[in-house]
Chemist: 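Right, I'll just put the structure down here and ask away after.
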Amino acid sequence: MPSVLILLLIHSENIREPAAEMLGTMILTLVGTGGNCQAVLSSNTGVSSTPKGDAISLSLGWACGVALGAWVAGNTSGGHVNPVITLCMAVFRDFPWRKVPGYVLGQLIGAWAGAIIVFGNYFHAIDIVEGKKGGRTLTTASLFGTYALDYMPSANCFFDEFIGTFILLLVVFAVTDKRNSSLPGGLVPLVVFFAILAVAVAFGMQTGFAINPARDLGPRIMTAMVGYGHQVFSFRHQYWIWAPLLGSVCGGLTASFLYDVLIYLGPESFVNAPNESVRRHLGRQIKNTSRPSGSNLESVAQGV
């Protein structure tokens with residue numbers, strides 16, 4: 001009996017969907033932070049005689065990670081692998097709000113798990129780059145979380161994350177709009193791959209293009225746990241809140257709203273709800289005005 005209950009619990013959508021988001025985000029973070037570590041750490045001659053990556057490989061790594069994560073989770077949960085996508089789907093696409101906490105928690109745990117696996121694989125190389133065993137500074141913390149360059153003012157950091165997430169959500173909403181795209185659902189992660197690659201090559205330098213609060217916060221929590229301490233959170237007056245988190249959320253919500261105002265016609269969005277009710281009302285009027293001949297026949301029949 002207990003085994004049956006366990007099986008039923010595992011196969012419940014309340015477990016499977018957040019679990020799929022967890023695995024998908026774990027793959028995203030494994031590939032992304034793994035690519036960071038290989039490219040950056042290998043530039044130290046104490047780690048490798050020749051560099052094993054560059055800016056292009058970093059961009060491709062994150063794009064591949066997001067696409068693969070979305071494919072892993074896609075058929076089960078929709079493959080959001082990003083709390084901003086989950087939030088925007090709830091606000092603008094009738095995604096159930098009751099599922100949002102489970103999705104976001106799964107994404108955060110997945111990002112943390114992916115980061116700690118990568119750290120466990122590369123910590124010897126990290127020690128070499130840090131110059132001592134157990135040395136932990138923001139130099140290598142940036143392999144996992146995102147940290148803005150020194151010259152960047154706070155407003156620009158926020159705007160940089162805003163732009164990147166704006167582009168991502170605009171593409172996601174466009175490619176999942178059946179009236180605007182005939183792309184099969186299984187190919188959506190491929191489009192997302194190009195969106196992430198575009199953001200990375202155009203806006204990746206200054207803030208590290210988090211454009212995903214889970215991808216930043218999960219690894220940031222991991223670094224605090226393995227010896228980097230509170231500096232990962234106190235960096236530039238809690239940078240992690242107002243750039244990777246708030247910048248991403250605001251950019252995603254703005255893109256979603258503009259897409260629905262300017263392009264989207266579906267009734268799922270609250271933006272189009274008034275228009276949809278008007279269309280239904282007009283549809284009823286058209287039906288009513290097309291029935292007079294039938295009504296006259298009914299009257300004649302009743303009179304007879």
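Treat the numbers as computed from the prediction; the structure is a model and nothing was measured.
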Chemist: Are Val66 and Phe193 close enough, and set up right, to give a side chain to side chain contact (heavy atoms under 4.5 Å, CB included), and what steps lead you there?
Modeler: CA-CA 7 Å; Val66 174; Phe193 167 89; over 6 Å; no
Chemist: Going by salt bridge (Lys or Arg N to Asp or Glu O under 4.0 Å), name the pairs with one or both residues in residues 68-95, residues two or more places apart or in two chains.
Modeler: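 As it turns out, the salt bridge (Lys or Arg N to Asp or Glu O under 4.0 Å) pairs with a partner in residues 68-95, which skip direct neighbours, are Arg93-Asp260.
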Chemist: Using the rule that two of Ile, Leu, Val, Met, Phe, Trp, Tyr join whenever any of their side-chain heavy atoms come within less than 4.5 Å, decide whether Met205 and Phe166 are in one cluster.
Modeler: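 No, separate clusters.
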Chemist: Are there over 12 heavy-atom neighbours, none belonging to Phe159, within less than 6.0 Å of that residue's CZ?
Modeler: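 Count not over threshold, so no.
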Chemist: Out of curiosity, Cys37 SG to Asn121 CG, how far, rounded to the nearest 0.5 Å?
Modeler: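 Rounded to the nearest 0.5 Å, the SG-CG separation comes to 8.5 Å.
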Chemist: Looking at residues at least two apart in the chain, or sitting in another chain, which of them share a salt bridge (Lys or Arg N to Asp or Glu O under 4.0 Å) with Asp127?
Modeler: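 With sequence neighbours excluded, Asp127 shows a salt bridge (Lys or Arg N to Asp or Glu O under 4.0 Å) to Arg136, given in chain and number order.
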Chemist: Measuring from atom CG of Asn44 to atom OG of Ser49, what distance do you get when rounded to the nearest 0.5 angstrom?
Modeler: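 Here the interatomic distance stands at 11.5 Å.
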Chemist: Kindly say whether Phe203 contributes a backbone atom to a donor-acceptor pair with the side chain of Gln206 at under 3.5 angstrom?
Modeler: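 The answer is no, because no donor-acceptor pair under 3.5 Å joins these two groups.
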Chemist: Contact between Trp62 and Ile211 at the side-chain level, heavy atoms closer than 4.5 Å - yes or no?
Modeler: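 The answer is no; the side chains never approach within 4.5 Å.
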Chemist: Would Phe270 and Val261 show up in the same hydrophobic cluster when neighbours are defined by side-chain heavy atoms closer than 4.5 Å?
Modeler: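 Same hydrophobic cluster.
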Chemist: If you group Ile, Leu, Val, Met, Phe, Trp and Tyr by side-chain heavy-atom gaps below 4.5 Å, do Tyr122 and Leu138 land in one group?
Modeler: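 Shared cluster, yes.
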Chemist: In terms of relative ring orientation, are Tyr239 and Trp242 parallel, tilted or perpendicular, with 30° and 60° separating the classes?
Modeler: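 Because their plane-to-plane angle is over 60°, the rings of Tyr239 and Trp242 count as perpendicular.
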Chemist: Looking at Thr146, Thr29, Thr207, which one forms a side-chain hydrogen bond (donor to acceptor under 3.5 Å, both in side chains) with Asp216?
Modeler: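 Filter result, single survivor: Thr146.
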Chemist: Got a second to check how far Thr76's OG1 is from Arg16's CZ, nearest 0.5 Å?
Modeler: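 Going from OG1 on Thr76 over to CZ on Arg16, the span is 5.5 Å.
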Chemist: Of the non-hydrogen atoms in Ala224 and Val232, which two are nearest, and what is the gap between them?
Modeler: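 In this case the closest contact between Ala224 and Val232 is CB-CG2, 3.8 Å.
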Chemist: What distance do Tyr264 atom OH and Leu258 atom CG have between them, rounded to the nearest 0.5 Å?
Modeler: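 Here the interatomic distance stands at 16.0 Å.
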Chemist: Between Thr140 and Tyr228, does a side-chain hydrogen bond (donor to acceptor under 3.5 Å, both in side chains) hold up when you go through it step by step?
Modeler: CA-CA 9 Å; Thr140 55; Tyr228 290 88; 2.7 Å; yes
Chemist: Main chain of Thr139, side chain of Ser142: is a donor-acceptor contact present, judged purely on distance under 3.5 Å?
Modeler: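 Pair found, side chain donor or acceptor close to backbone of Thr139.
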Chemist: Do we see a donor-acceptor contact under 3.5 Å between the side chains of Glu130 and Thr137?
Modeler: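 Looking only at side-chain atoms, Thr137 and Glu130 do form a donor-acceptor pair, the distance falling under 3.5 Å.
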Chemist: Share the residues that join Leu58 in a hydrophobic cluster, the rule being Ile, Leu, Val, Met, Phe, Trp or Tyr side chains under 4.5 Å apart at the heavy-atom level.
Modeler: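 Besides Leu58, the cluster holds no residue at all.
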Chemist: What's the separation between atom CD1 in Ile109 and atom OG1 in Thr25, rounded to the nearest 0.5 Å?
Modeler: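 Interatomic distance, Ile109 CD1 to Thr25 OG1, rounded to 0.5 Å: 10.5 Å.
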Chemist: Picking from Arg215, His80, Met22, Met26, what satisfies side-chain contact (heavy atoms from CB on, under 4.5 Å) with Gln107?
Modeler: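 With Gln107 as partner, side-chain contact (heavy atoms from CB on, under 4.5 Å) holds for just one option, His80.
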Chemist: What's the shortest heavy-atom distance between Val100 and Ala90, and which atoms?
Modeler: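 Minimum heavy-atom contact is CG2-CB, 3.8 Å.
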Chemist: So do the side chains of Pro244 and Leu217 get within less than 4.5 Å of each other, counting heavy atoms only?
Modeler: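 Sidechains of Leu217 and Pro244: no contact.
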Chemist: So do the side chains of Thr50 and Ser42 get within less than 4.5 Å of each other, counting heavy atoms only?
Modeler: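 Thr50 vs Ser42: side chains apart.
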Chemist: Kindly give the heavy-atom pair with the smallest separation between Pro83 and Val104, and that separation in Å.
Modeler: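 Scanning both residues completely, I find the closest heavy atoms to be CB-CG2, 4.1 Å.
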Chemist: Would you indicate whether the side-chain heavy atoms of Leu143 and Leu41 approach each other to under 4.5 Å?
Modeler: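 Yes; the side chains approach each other to less than 4.5 Å.
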Chemist: Is the shortest side-chain heavy-atom distance between Leu87 and Val249 below 4.5 Å?
Modeler: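 Yes, close enough: below the 4.5 Å cut-off.
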Chemist: Leu108 and Gly218: which non-hydrogen atoms are nearest, and at how many Å?
Modeler: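 Closest approach of Leu108 to Gly218: CD1-N, 3.5 Å.
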Chemist: Do Ser248 and Pro213 have side chains that approach each other closer than 4.5 Å (heavy atoms only, starting at C-beta)?
Modeler: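 A side-chain contact exists here, since the closest heavy-atom pair is under 4.5 Å.
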Chemist: Using side chain to side chain donor-acceptor pair (under 3.5 Å) as the criterion, list what pairs up with Gln238, not counting sequence neighbours.
Modeler: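 Counting only residues at least two positions away or on another chain, Gln238 forms no side chain to side chain donor-acceptor pair (under 3.5 Å).
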Chemist: Within the 4.5 Å heavy-atom criterion, are Asp54 and Ser57 side-chain neighbours or not?
Modeler: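 Yes; the side chains approach each other to less than 4.5 Å.
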Chemist: Same cluster or not: Phe162 versus Met152, using hydrophobic residues (I, L, V, M, F, W, Y) connected whenever any side-chain heavy atoms lie under 4.5 Å apart?
Modeler: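 No, Phe162 does not connect to Met152 through the hydrophobic network.
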Chemist: What I want to check is whether the side chains of Asp177 and Tyr259 have a donor and an acceptor closer together than 3.5 Å.
Modeler: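 There is such a pair between these side chains.
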Chemist: How far does CH2 of Trp71 sit from CG of Leu68, to the nearest 0.5 angstrom?
Modeler: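 One finds 7.0 Å between CH2 of Trp71 and CG of Leu68.
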Chemist: Which heavy atom in Val81 sits nearest to a heavy atom in Ala70, and how many Å separate them?
Modeler: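 So the two residues come closest at CG1-N, 4.3 Å.
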Chemist: Under 3.5 Å, side chain of Ser43 to main-chain N/O of Val40, donor-acceptor pair present?
Modeler: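 Confirmed, Ser43 side chain pairs with Val40 backbone.
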Chemist: Just jot down the side chain to side chain donor-acceptor pair (under 3.5 Å) partners of Ser77, sequence neighbours excluded, or say none.
Modeler: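 For Ser77 the side chain to side chain donor-acceptor pair (under 3.5 Å) partners, ignoring immediate neighbours, are Glu21.
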Chemist: Ring centroid separation for Tyr103 and Phe95, is it under 6.0 angstrom?
Modeler: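 Close enough - the centres of the two rings lie under 6.0 Å apart.
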Chemist: Distance-only check: which donor-acceptor pairs under 3.5 Å involve side-chain atoms of residues 167-175, not counting sequence neighbours?
Modeler:
none

Chemist: Decide if the gap between the ring center of Phe233 and the ring center of Trp240 is smaller than 6.0 angstrom.
Modeler: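 Centroid distance Phe233-Trp240: below 6.0 Å, so yes.
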Chemist: Looking at Tyr147, is Arg220 sitting on its ring face, NZ or CZ under 6.0 Å from the six-membered ring centre and within 45 degrees of the normal?
Modeler: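 Yes, Arg220 sits over the ring of Tyr147.
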Chemist: Answer with yes or no whether the hydrophobic clustering places Ile241 together with Phe209; edges join I, L, V, M, F, W, Y residues whose side-chain heavy atoms lie under 4.5 Å apart.
Modeler: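 Linked, Ile241 and Phe209 end up in one cluster.
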Chemist: Which atoms form the tightest heavy-atom contact between Asp150 and Arg236, and what is the distance?
Modeler: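 Looking at all heavy atoms of both residues, the closest pair is O-NH1, 4.2 Å.
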Chemist: If you define the side chain from C-beta out and look only at heavy atoms, does anything of Phe257 sit under 4.5 Å from Cys88?
Modeler: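 The answer is no; the side chains never approach within 4.5 Å.
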